[in-house]
Amino acid sequence: MIPQDPTNDPAYRLFVQRFGSLRRARIAETWLTIAVLALLFLISAVATDFSPEQIARGIPRIGEYFGKLLSIEPKRGAPSVPVLAWDHLFGGVKEPQSVAYWFYRIDVYTKLLWQTVQMAIIATVMGFTAAFVLCFPATGTLLPLRPVVFLVRRVLEILRTIPQVVLAFIFVWPFGIGPLAGILAIGIHTTGALGKLFTELNENADLRAVEGIRSVGGSWLAQMRYGVMPQVLPGFLSYGLLRFEINVRSSTIIGFVGAGGIGSELKRVIGFNIYEEVSAICILILLVVVALDLTSERIRHRFIGNTV
Amino acid sequence: MNSIRLSDIGPAEIAAQRQRMPAVFGMTGRDRAIRWIVFGAAAAYLAYLHWLFDFGRVFSGLEKLWVITRLMLDWSAFSSWDHVELIQSMVETVAMAYLGSMLAVVLALPLGFLGAYNIVPQRVFRFLTRRLFDGMRGIDQLIWALVFVRAVGLGPIAGILAICIADTGVFAKLFAEAIETIDRKQLDGVTSTGANRLQALRFGVVPQILPVMISQVLYQIESNSREATILGLVGAGGIGLRLSERIQINAWDQVAYVIVLVLITVAVIDFVSRLLRMRLIGTASRRG
């Protein structure tokens with residue numbers, strides 16, 4: 001038998017045809033997506049004056065700025081970041097390029113960083129407490145009063161959607177410039193964010209314990225206290241600690257609008273172009289944030305470990 | 001087993017048992033002491049915080065807060081507000097978020113490949129790239145914005161650059177992680193057909209990471225448009241600038257209006273992004 005040429009097979013032809021049309025459709029779709037993305041990009045560029053000339057003008061200035069920020073050229077008699085070399089790194093305060101010169105205002109920074117961390121702690125505690133109170137009436141499975149559940153949920157939603165920096169900016173007016181405005185702003189945002197997470201944990205709680213306590217005549221509070229809380233508390237604490245890590249970051253920047261913490265100092269030194277202090281503060285913030293993250297992660301694993 | 005009658009148990013027996021197993025008889029003196037120490041420490045700490053932050057001012061501030069809340073709810077001058085300017089700024093804000101995120105994607109793609117251990121298997125190199133991403137991410141967008149405002153001046157460019165830098169760190173890390181968790185078999189299959197390195201990446205790696213990347217990019221655009229609303233507070237363009245002007249002149253009614261605008265915009269973007277994510281990832285996973 002003579003082997004047939006497979007290209008004459010109608011099935012093969014159909015395959016080629018179908019394959020070709022599918023391929024074309026897919027390529028067209030890809031190009032269409034790219035075109036839409038590019039179009040949006042152009043519209044956005046027009047809306048923000050993001051032109052090539054602007055970029056061309058901006059880039060040298062960025063280079064210059066970061067060059068100064070990380071410069072080894074003398075500025076005001078000293079480079080902004082010490083050239084790491086043993087002979088002058090551990091020199092005195094008067095010795096340029098030494099760590100002591102770089103961090104010469106470490107006492108001020110330490111005080112402000114301490115304040116920043118305290119702000120984060122108290123704001124987390126406040127937000128945690130408020131979210132803890134609000135999360136039970138926000139859970140439909142635990143409270144069969146639909147209007148109350150709806151209302152509490154909307155309140156939590158509004159609390160977490162308003163940006164906390166905006167809230168802090170507004171609070172500076174009634175509560176004065178200082179950490180109090182920042183604490184309240186972060187606390188309110190924390191309430192909304194944790195309230196949502198707590199509600200989700202509550203929804204997943206096993207209802208059999210609640211029914212058991214109801215069957216022996218326990219009040220609603222007793223049902224929550226002895227039926228739900230033992231199940232959800234480790235999760236609450238874990239989320240609370242996670243939120244604490246986020247709040248530490250927030251409290252470092254909330255000072256930009258005058259709401260206390262190291263942010264006000266950072267804004268000042270950036271504004272006055274005191275380059276060595278900008279880099280010093282940024283390094284300190286990074287160190288504190290990383291250290292607290294690691295600590296909180298340890299504790300969190302402990303909580304989760306206890307439940308398993 | 002020896003049994004004891006209830007009437008046999010005297011004070012002496014109870015005392016002996018309490019000696020043997022103190023925890024059974026409720027809290028011991030030590031437990032109680034620990035509890036009091038913990039309570040005392042917490043109370044002292046709260047007192048310290050009260051001294052540090054002067055929480056008494058909350059109550060004196062509430063009156064003023066009530067005043068501005070009332071002013072915020074009075075929208076009688078609605079028609080005289082500069083709606084065109086506000087809507088324009090809102091568009092500018094969303095545009096900043098989109099441009100910043102897109103530029104970040106372009107920058108982060110090669111960085112993500114460089115940072116993935118299974119593409120560039122040098123441990124030291126991987127460590128360095130990862131720390132670079134951490135540094136970009138670790139410094140808050142608002143700090144980047146402040147720095148870029150000093151570097152390139154007031155306006156949306158500073159905001160775009162701030163979003164771009166912070167997001168490049170985020171995307172590069174996420175992309176690198178997505179690339180590291182790919183299934184090696186697909187890559188081997190493509191390579192076995194004689195594909196070169198670039199083709200192997202295109203047909204062996206990209207189809208596996210694309211759905212993850214799209215979903216992360218959409219999520220990031222979403223959160224960036226929320227973040228972009230506050231960048232203007234430090235002068236980096238967008239609606240935040242208008243908001244800060246209005247807070248500074250105590251135009252509380254307009255402040256409330258701007259916040260409502262922001263909330264609506266964020267809600268719309270969330271909705272669109274959810275639709276897109278479902279559609280794009282749905283089709284992407286159907287294609288395998």
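Only the side chain of W252(B) comes within less than 4.5 Å of a heavy atom in chain A; its backbone stays farther off. Using a 4.5 Å cut-off between heavy atoms, F53(B) contacts chain A through both its backbone and its side chain. Neither the backbone nor the side chain of V289(A) comes within contact range of chain B; no heavy atoms are under 4.5 Å apart. Only the side chain of Q248(B) comes within less than 4.5 Å of a heavy atom of chain A; its backbone N, CA, C and O stay farther away. Both the backbone and the side chain of L37(A) come within contact range of chain B, each with at least one heavy atom under 4.5 Å from a heavy atom of that chain. With a 4.5 Å cut-off on non-hydrogen atoms, V255(B) touches chain A through its side chain but not through its backbone. Heavy atoms of Q115(A) lying under 4.5 Å from chain B belong to its backbone as well as its side chain. Residue F55(B) touches chain A through both its backbone and its side chain, counting heavy-atom pairs closer than 4.5 Å. Heavy-atom distances place both the backbone and the side chain of S244(B) under 4.5 Å from chain A. With a threshold of 4.5 angstrom between heavy atoms, L40(A) approaches chain B through its backbone and through its side chain.
Atoms CD1 and CD1, from I270(A) and I143(B) in turn, are 7.0 Å apart once rounded to the nearest 0.5 Å. Taking CG of L161(B) as the start and CZ of F50(A) as the end, the distance is 6.0 Å to the nearest 0.5 Å. For the atom pair L184(A) CG and L65(B) CG, the distance stands at 9.0 Å (nearest 0.5 Å). D134(B) CG to L286(A) CG: the interatomic distance, rounded to the nearest 0.5 Å, is 9.5 Å. Of the inter-residue distances, the one linking D140(B) atom CG with F256(A) atom CZ reads 7.5 Å to the nearest 0.5 angstrom. The distance from the CE atom of M119(A) to the CG atom of L52(B) is 10.0 Å, given to the nearest 0.5 Å.
Contact of the L243(B) side chain with the F169(A) side chain is not registered, since no non-hydrogen atoms from C-beta on lie closer than 4.5 Å. You'll find the side chain of D49(A) stays beyond 4.5 Å of the side chain of I157(B), heavy atoms only. Contact check for I68(B) versus F171(A): no side-chain heavy atoms found under the 4.5 Å cut-off. Within the 4.5 Å cutoff, the side chain of I170(A) has heavy atoms near those of the I259(B) side chain.
The 12-atom threshold is not exceeded at CD of E63(B), counting heavy atoms of other residues, nucleotides or ligands nearer than 6.0 Å. Few gaps surround OH on Y45(B); more than 12 heavy atoms of other groups in view lie less than 6.0 Å from it. At most 12 heavy atoms of other shown residues, nucleotides or ligands fall within 6.0 angstrom of atom CZ in F150(A). Heavy atoms of other residues, nucleotides or ligands lying less than 6.0 angstrom from CH2 of W66(B) number 12 at most.
Per-residue counts of heavy-atom pairs under 4.5 Å with chain B were compared for Q164(A), R249(A), R61(A); the largest is that of R61(A). For chain B, the option among P163(A), G263(A), G271(A) with the highest count of heavy-atom pairs below 4.5 Å is G271(A). Taking chain A as the reference chain and counting heavy-atom pairs below 4.5 Å, the highest number among L142(B), I230(B), V91(B), V149(B) is found for L142(B). Each of R150(B), E92(B), R226(B) has some count of heavy-atom pairs under 4.5 Å with chain A, and the biggest count is that of R150(B). The residue among I43(A), L180(A), L266(A) with the most heavy atom pairs within less than 4.5 Å of chain B is L180(A). Per-residue heavy-atom pair counts under 4.5 Å with chain A were compared for L46(B), N250(B), V94(B), and the maximum is reached by N250(B).
Looking at every heavy atom in both residues, T48(A) comes nearest to A95(B) through CG2-CB, 3.8 Å.
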